[in-house]
Amino acid sequence: QVQLVESGGGLVQPGGSLRLSCAASGSIRDTNRMSWYRQAPGKQREWVAGITHASSTTYLNSVKGRFTISRDNAKNAVYLQMNSLKPEDTAVYYCNVEAYTDPEGWRNYWGQGTQVTVST
């Protein structure tokens with residue numbers, strides 16, 4: 001079984017920074033796209049950022065220039081550096097990893113979520 005463990009959330013003031021980490025473990029033969037999503041209370045989960053195996057990145061427009069997604073293929077890990085945080089960034093953040101295992105093949109796996117709160 002593939003397990004994704006997230007860390008790095010917390011409470012910060014507007015303009016502050018946080019770095020989220022997500023490490024995948026298990027019988028993983030390969031990984032492809034890694035992504036971050038977030039969900040605020042009472043809201044739908046939304047995609048925030050994605051990164052390919054070769055480290056090509058894409059972002060939600062509202063976080064461009066503030067967030068940076070990166071990965072470490074050797075560690076099967078994905079990170080989200082969040083700068084210039086705003087109150088509207090407050091949400092539970094989830095990582096998602098496309099991983100290949102036998103016999104399942106390619107599947108998406110989710111982290112448990114980590115709370116990010118941006119407030120004075």
Review point. About how many Å separate SG of C22 and CG of N96, when rounded to the nearest 0.5 Å?
Key: 8.5 Å
Review point. Which residues, ordered by chain and number, are linked to L11 in its hydrophobic cluster, where ILVMFWY side chains connect at heavy-atom gaps below 4.5 Å, directly or through other members?
Key: none
Review point. Counting only N and O atoms by type, is there a donor-acceptor contact under 3.5 Å from the side chain of W110 to the main-chain atoms of Q112?
Key: no
Exercise for review: Among T57, T52, T31, find the residue that satisfies the side-chain hydrogen bond (donor to acceptor under 3.5 Å, both in side chains) test when tested with R71.
Suggested key: T31
Exercise for review: Can you see which heavy atom on V48 is nearest to which on F67, and at what distance?
Suggested key: CG1-CD2, 3.9 Å
Review item, side-chain donor-acceptor pairs of residues 100-109, under 3.5 Å, at least two apart:
unit_1	atom_1	unit_2	atom_2	d
T101	OG1	E104	OE1	2.9
D102	OD2	R29	NE	2.6

Practice item. Quick one: which residue pairs count as a side chain to side chain donor-acceptor pair (under 3.5 Å) with a foot in residues 76-86, not counting sequence neighbours? Key: S17-N83, Q81-N83
**Study point:** Which atom of P14 lies closest to which atom of T120, heavy atoms considered
**Key:** CD-CG2, 3.7 Å
Check your understanding: Should T90 and Q115 count as side-chain neighbours, where that means a heavy-atom distance under 4.5 Å?
Key -> yes
Practice item. State, to 0.1 Å, how close Y37 and S35 come at their nearest heavy-atom pair, and which atoms those are. Key: CE1-CB, 3.7 Å
Practice item. Following the transitive rule for hydrophobic clusters with a side-chain heavy-atom cut-off under 4.5 Å over Ile, Leu, Val, Met, Phe, Trp and Tyr, establish whether W47 and Y93 coincide in one cluster. Key: yes
Exercise for review: Would you check if R38 and L80 make a side-chain contact, meaning some heavy-atom pair closer than 4.5 Å?
Suggested key: no
Practice item. Answer whether the closest heavy-atom distance between the side chains of L60 and W36 falls below 4.5 Å. Key: no
Review point. Taking the side chain as C-beta and beyond, is there a heavy-atom pair between L4 and M34 under 4.5 Å?
Key: no
Point to revise | Side-chain heavy-atom pair M82, V116 within 4.5 angstrom cut-off | key: yes
Check your understanding: Within a reach of under 6.0 Å around CD of E88, are more than 12 heavy atoms found that belong to other residues, nucleotides or ligands?
Key -> yes
Point to revise | Greater than 12 external heavy atoms within 6.0 Å of Q3's CD | key: no
Exercise for review: State the CD-CG distance between E6 and L20, to the nearest 0.5 angstrom.
Suggested key: 7.5 Å
Exercise for review: Any chance you could measure I28, atom CD1, to E98, atom CD, to the nearest 0.5 Å?
Suggested key: 12.5 Å
Practice item. Can you see which heavy atom on C95 is nearest to which on V78, and at what distance? Key: CB-CG1, 4.2 Å
